[in-house]
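Heavy-atom basis, side chains included; hydrogens, waters and symmetry copies ignored. Remember, predicted model here, so these are calculated numbers, not experimental data.
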Amino acid sequence: QVQLVESGGGLVQPGDSLRLSCLASGRTVSGYVMGWFRQAPGREREFVTTISRDGATFYTASVKGRFTISRDNAKNTVYLQMNSLKPEDTAVYYCAATSVYLSSRSLDYSYWGQGTQVTVSS
């Protein structure tokens, strides 16, 4: 079992940056592929990005070049650096863990955090 807690969300203006953190407890994140998903009001949860145990990454097209996922296994933490934020990035962002290599399918993820709200608005 692993427990995940996201933090770092907030209200920002278009073009601003935010860094989300996902702190794991119970088991070390080094044993998992980690991912970020998001869910906007009235929409289904969607894949954002994932990082493998050895640091390989995969991004959905809409965030590629603006978002960066990283992991610090010593701190048991995964990060999502979000730059050049747009209003369409507004959503609740969820951290998740899986054993499936670079999966973009939410069904493959066994462990989820409670989410952190990101709102991009002028």
Side-chain angles (χ1 to χ4, degrees):
Q1 287 273 6
V2 60
Q3 293 78 44
L4 304 172
V5 178
E6 304 95 334
S7 62
L11 171 64
V12 297
Q13 295 188 339
D16 284 352
S17 298
L18 270 180
R19 188 177 79 158
L20 305 183
S21 298
C22 173
L23 176 63
S25 61
R27 297 185 70 173
T28 175
V29 296
S30 63
Y32 294 92
V33 173
M34 301 299 295
W36 286 96
F37 290 75
R38 65 186 180 185
Q39 187 167 18
R43 301 187 65 175
E44 295 200 354
R45 190 172 299 187
E46 66 171 354
F47 168 78
V48 178
T49 180
T50 182
I51 186 166
S52 71
R53 296 177 185 86
D54 60 358
T57 58
F58 176 61
Y59 297 89
T60 193
S62 63
V63 308
K64 197 169 185 180
R66 299 189 299 123
F67 290 12
T68 302
I69 188 172
S70 61
R71 62 193 303 158
D72 186 337
N73 292 334
K75 295 183 178 180
N76 233 19
T77 302
V78 177
Y79 302 99
L80 181 63
Q81 178 67 43
M82 305 186 294
N83 298 330
S84 303
L85 282 161
K86 304 175 181 180
E88 50 264 44
D89 295 318
T90 295
V92 176
Y93 282 72
Y94 298 90
C95 173
T98 181
S99 59
V100 180
Y101 184 75
L102 292 182
S103 175
S104 61
R105 299 190 336 144
S106 60
L107 290 176
D108 285 335
Y109 287 77
S110 301
Y111 304 103
W112 293 82
Q114 83 291 345
T116 185
Q117 176 72 47
V118 172
T119 302
V120 185
S121 175
S122 55

Looking at Phe37, I'd like to know if the NZ or CZ of Arg45 sits under 6.0 Å from its six-membered ring centre while staying within 45 degrees of the ring's axis.
no
Mind checking whether Phe67 and Val78 sit in one hydrophobic cluster, side chains of I, L, V, M, F, W, Y counted as touching below 4.5 Å?
yes
Calculate, to the nearest 0.5 Å, the distance between atoms CE and CG belonging to Met34 and Asn73 respectively.
9.5 Å
Closest non-hydrogen atom pair between Val12 and Ser17, with its separation:
CG1-O, 4.3 Å
Are Val100 and Val33 in one and the same hydrophobic cluster, where Ile, Leu, Val, Met, Phe, Trp and Tyr link if side-chain heavy atoms are under 4.5 Å apart?
no
Spacing of Thr98 atom OG1 and Tyr111 atom OH [to the nearest 0.5 Å]
10.0 Å
Say you draw a straight line from CZ of Arg27 to CD of Gln3; how long is it, rounded to the nearest 0.5 Å?
10.5 Å
Got more than 12 heavy atoms from elsewhere within 6.0 Å of CD, Gln1?
no
Considering only heavy atoms from C-beta outward, does the side chain of Gln117 approach that of Thr90 to under 4.5 Å?
yes
Step by step, would you call Arg53 with Ser99 a side chain to side chain contact (heavy atoms under 4.5 Å, CB included)?
CA-CA 9 Å; Arg53 296 177 185 86; Ser99 59; 3.9 Å; yes
Give, for atom CG of Asp16 and atom CG of Asn83, the distance between the pair rounded to the nearest 0.5 Å.
10.0 Å
Do Met82 and Phe47 belong to the same hydrophobic cluster, where Ile, Leu, Val, Met, Phe, Trp and Tyr are linked whenever their side-chain heavy atoms lie under 4.5 Å apart, directly or via other members?
no
Answer with yes or no whether the hydrophobic clustering places Val2 together with Tyr94; edges join I, L, V, M, F, W, Y residues whose side-chain heavy atoms lie under 4.5 Å apart.
no
Between the main-chain N or O of Leu23 and the side-chain N or O of Asn76, is there a donor-acceptor pair closer than 3.5 Å?
no
Do Ser106 and Trp112 come close enough that some side-chain heavy atom pair is under 4.5 Å?
yes
For Ser52, is there any backbone N or O sitting under 3.5 Å from a side-chain donor or acceptor partner on Arg71?
yes
Interatomic distance, Ile69 atom CD1 to Tyr59 atom OH [nearest 0.5 angstrom]
6.5 Å
Answer yes or no: is there a side-chain heavy-atom contact under 4.5 Å between Gln13 and Val120?
no
For Tyr109 against Gly35, the heavy-atom pair lying closest together:
CE2-N, 3.7 Å
Cluster question for you: counting only ILVMFWY and a side-chain heavy-atom cut-off of under 4.5 Å, with indirect links fine, are Leu80 and Ile51 together?
yes
Checking side-chain hydrogen bond (donor to acceptor under 3.5 Å, both in side chains) between Arg38 and each of Thr49, Thr116, Asp89, which is the one that passes?
Asp89
Taking all atoms of both residues into account, what is the closest heavy-atom pair of Ala24 and Leu4, and its distance?
CB-CD2, 3.7 Å
Close side-chain approach of Glu6 and Leu20, heavy atoms under 4.5 Å
no
Closest non-hydrogen atom pair between Leu18 and Gly10, with its separation
CD1-N, 4.0 Å
What's the spacing between Tyr101 OH and Thr50 OG1 if we round to 0.5 Å?
9.0 Å
